[in-house]
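Here the structure is laid out as structure tokens; the discussion comes afterwards.
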Amino acid sequence: MIQGRTGEIKRSTLSEQILDSVLDMIKNDGYAIGDKLFTEKEIAERLGVGRNSVREAMKTLSMAGITESTAGKGTFLLVNPDNINRDASGMLNCVSKFSLTELLEARQIIETEAAVLATERAVKDSKEWKNFVHSHELLVNSLKNKLPDASLRDFEFHVCLMKLSGNYFLYKMHQSIVSDIQKSKKIITIDYENSDREVAVHSNVFNAISSGNAQNTREVMRAHFKNVMEYCRKIKVIE
């Protein structure tokens, strides 16, 4: 089990505690810029926590520019340990001035209303519609087969939805937060353990837009983001 540092208040979430502990390990074990760091398995064993929780913490460090992972080689330190910002909760908040919860709330507002417009305006033989259909097919295939590109396919599905709205200003609003969305996806991994539910949630969105029922679209989009929020709480990246 993770133990709090002497004289300090214990962090409020497991994710923050793991981040703090990993940063302690980097500093106390004498690592320097360019050094190869410990593996997720080694961290999990030392802290007595699950590897999934460790994986989320390591992704956060990567997103903060503290580490870099290379397939087949390992994870390497990019920053002098003495210069690392020790605000673990700040890193969890997408390394930004707003929280992950705020980003998801903003996405829900923008994407839900864009989906409603898409339901009312979509032209079934347009290029945008065909792209939307194709993005849904690719996403479903990736989720069903638990492919590593599922997160990218999910992102493409939502971008196609925004284009389908026919409102260029809404699309530009969404594009303005694309980098933040992509950062958040390094923390919010695909829930492969419940891939059938992920398929159902996204297919409900697709079917609602296809049906032309705007009210149903609004409801399923809200249900979709509620599902995302619940998963984020499950993996302890939001309160």
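Model, not experiment: these values are computed from the prediction.
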Note, [X] side chain near [Y] side chain (heavy atom, < 4.5 Å):
| X | Y | value |
| --- | --- | --- |
| H224 | Q108 | no |
| L161 | V205 | yes |
| L152 | K185 | no |
| H136 | V133 | no |

How long is the span from the CD1 atom in I188 to the SG atom in C232, to the nearest 0.5 Å?
3.5 Å
Output yes when [X] and [Y] qualify as a salt bridge under the 4.0 Å nitrogen-oxygen rule, no when they do not.
| X | Y | result |
| --- | --- | --- |
| R55 | E40 | yes |
| K144 | D196 | no |
| R153 | E156 | yes |
| D29 | R46 | yes |

Could you tell me if the ring centre of F38 sits under 6.0 Å from that of Y31?
yes
Donor-acceptor pair, side chain of N145 and main chain of L147, under 3.5 angstrom:
no
Checking T75 against S69: is there a side-chain donor and acceptor pair closer than 3.5 Å?
yes
Would Y231 and T189 count as having a side-chain donor-acceptor pair, cut-off 3.5 Å?
yes
Check the pair F132 / F206 against ring-ring contact (aromatic ring centres under 6.0 Å, His included), numbers first and verdict last.
CA-CA 9 Å; F132 182 57; F206 177 81; 5.4 Å; yes
Checking side chain to side chain donor-acceptor pair (under 3.5 Å) against H202, which of N227, N207, D154 comes through?
D154
